[in-house]
Student: 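This is the structure I have questions about; it appears just below.
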Amino acid sequence: MAFGLSSIFVITIFAISLTNLAPVSLVLARKPCRFHAIFNFGDSNSDTGGLSAAFGQAPPPNGFSYFGGPAGRYTDGRLLIDFIAESLGLPYLSAFLDSVGTNFSHGANFATAGSTIRPQNTTLQQSGFSPISLNVQFYEFNDFHARTQVVRKRGGVFEILMPKKEHFSNALYTFDIGQNDLTAGYFSNMSTDEVKAYVPDVLNQFQTIIQYIYNQGGRYFWIHNTGPVGCLPYVMERIPVLAGQIDDYGCASPFNEVAQFFNRGLKKIVEQLRKNLPHAAITYVDVYSVKYSLISQGSKHGFKHPLRTCCGHGGKYNYNKNLGCGAKVNKHGKEVLVGAPCKDPWTYVNWDGVHFTEAANKYIFERIVNGSLSDPPTALNMACYRN
Ligand SMILES: *[C@@H]1O[C@H](CO)[C@@H](O)[C@H](O)[C@H]1NC(C)=O
Ligand SMILES: *[C@@H]1O[C@H](CO)[C@@H](O)[C@H](O)[C@H]1NC(C)=O
Ligand SMILES: *[C@@H]1O[C@H](CO)[C@@H](O)[C@H](O)[C@H]1NC(C)=O
Ligand SMILES: *[C@@H]1O[C@H](CO)[C@@H](O)[C@H](O)[C@H]1NC(C)=O
């Protein structure tokens, strides 16, 4: 079976190279990029321990499928950023905010769960949004960039655990942020029109940060667009929509339309940045499409539950915002886990009502890694080339 498939593959390549000699040899002449580091910015979709370090560890059963216990991630195992690191031959990213056992020799992660692009005028306590918005992540990066170079001069373990100067210019800078900027408006009772009205401001602030990183020597950018938030139980439960606004797959259309509105704007920003930053290679990755197709077509790939969460408690989606994944209640003087995980997380797309399962993340990664959903269609290991 496997042998048969691979011979079909060889024949296909041969056929293409006969009809299309020049482009194929041009592509083959390019060596895969060697990124020595990854610097990541984002929210819970790529948080590998930032929020956990500052505000308390993501509770069990987070991390149980892969890490054997809590690992600073809001999922049962690995995130997209973990698969990206693995695929580039780099270790998993330590969170910048984590001061215990971290190793920044090959990058750092500035993402925290609940982060937005724009600073919010509320506290984590009040609204659940992280105070580490993208501008703060940049302040941290800026300081990290300068101070690691001073600290390395102390030698020994300091030299080993901090990135080399040149790693900042040959690093891949990855971004997955924006989803929380959209939900922030809805959660403060704004209408779809009101949310749309502030999206340009959000995108402007995003553009500024990319520009700043470029000014510090960053050259290679890998930017995920935002996912179909209207398919996530925490949004559907909190903000009911009219029956006519539910699509064929059970997702709430208004929120997905706003996400796509944001994504169209993001794509324009990326085009503008390519003009403004002559030495930058910027890849825009359409994560939205993969996530939406996983929810709508996932059953063909073994995902039996597109919307229902694996880890939660009660309700239509096995999701209760007051008793989330890992929540315990006191019954007759005993602590009982009610936010318990399912037995077969690989058949679920959604982990806890907000985040994807490791199985879903792996599925998504496998579909974005070769660049077929990116603009330009650049594979991850070719993302250092400016088209
Ligand atoms: C830090 O990570 C690098 C890259 O994986 C590894 O070579 C090095 O041994 C690590 N250092 C320590 C002290 O863990
Ligand atoms: C927070 O308040 C400032 C000052 O009024 C305003 O400019 C900014 O847009 C507000 N941010 C958000 C996310 O609403
Ligand atoms: C939004 O509206 C609901 C219902 O009217 C109200 O309970 C809640 O306090 C409002 N939230 C905000 C942030 O204004
Ligand atoms: C990229 O991978 C997907 C499946 O993972 C496949 O369907 C697609 O044909 C691939 N595209 C290219 C250009 O190799």
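Ligands are counted one by one from 1 in listed order, and the atoms in each one are counted from 1 as well. The structure presented is a predicted model; accordingly, all values stated were derived computationally and were not measured.
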Student: Can you tell me which residue pairs pass the disulfide (SG to SG under 2.5 Å) test with a partner in residues 176-242, sequence neighbours excluded?
Tutor: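 Listed by first then second residue: Cys231-Cys251.
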
Student: Of all the non-hydrogen atoms in the protein, which one sits nearest to atom 7 (O) of ligand 1, and at what distance?
Tutor: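 In this structure, atom 7 (O) of ligand 1 has His106 CE1, 4.9 Å as its nearest protein heavy atom.
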
Student: Would you confirm whether any non-hydrogen atom of the protein falls under 4.0 Å from atom 9 (O) of ligand 1?
Tutor: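 Within 4.0 Å of atom 9 (O) of ligand 1, no protein heavy atoms are found.
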
Student: Check Asp47 against Ala111 and note the closest heavy-atom contact, atom names and distance.
Tutor: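 It is OD1-O, 3.4 Å.
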
Student: Using a distance threshold of 4.0 Å (strictly less than), state whether atom 12 (C) of ligand 2 has a protein heavy-atom neighbour.
Tutor: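 Yes; the ligand atom in question has protein heavy-atom contact below 4.0 Å.
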
Student: Show the atoms of ligand 2 that are less than 4.0 angstrom away from any heavy atom in Pro119.
Tutor: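 Answer, ordered by atom number: 11 (N), 13 (C).
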
Student: Is there at least one pair of N or O atoms, one from Ser188 and one from ligand 3, spaced under 3.5 Å apart?
Tutor: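 So ligand 3 has no N or O lying under 3.5 Å from an N or O of Ser188.
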
Student: Could you check which of Pro91, Ser105, Gly89 puts a non-hydrogen atom nearest to atom 5 (O) of ligand 1?
Tutor: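 Nearest heavy atom to atom 5 (O) of ligand 1 lies in Pro91.
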
Student: Number the atoms of ligand 3 from 1 as they appear, then name those within less than 4.0 Å of a heavy atom of Asn189, with their elements.
Tutor: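 Heavy-atom distances to Asn189 below 4.0 Å select 1 (C), 2 (O), 3 (C), 8 (C), 10 (C), 11 (N), 12 (C), 14 (O).
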
Student: With heavy atoms of Asn121 as the reference, note each atom of ligand 2 found under 4.0 Å away.
Tutor: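 Listed by number with element: 1 (C), 2 (O), 3 (C), 8 (C), 10 (C), 11 (N), 12 (C), 14 (O).
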
Student: Between Leu161, Asn103, Ile160, which one has a non-hydrogen atom sitting closest to atom 2 (O) of ligand 1?
Tutor: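 The nearest heavy atom belongs to Asn103.
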
Student: Would you say the side chain of Val199 lies within less than 4.5 Å of the side chain of Phe261, judging by non-hydrogen atoms?
Tutor: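 Heavy-atom side-chain distance check passes, below 4.5 Å.
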
Student: How are the rings of Tyr234 and Phe187 set to each other: parallel, tilted or perpendicular (split at 30° and 60°)?
Tutor: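 It falls in the perpendicular class, over 60°.
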
Student: In this structure, would Trp346 and Ile295 fall into the same cluster of hydrophobic residues linked by side-chain contacts under 4.5 Å?
Tutor: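 No, because Trp346 and Ile295 fall into different hydrophobic clusters, even though each may have its own neighbours under 4.5 Å.
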
Student: Could you state the interatomic distance from CZ (Phe303) to OH (Tyr348), rounded to the nearest 0.5 Å?
Tutor: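 Spacing of CZ (Phe303) from OH (Tyr348) equals 12.5 Å.
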
Student: Phe110 vs Phe144 aromatic rings, parallel, tilted or perpendicular, using cut-offs 30° and 60°?
Tutor: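 Ring orientation of Phe110 relative to Phe144: perpendicular.
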
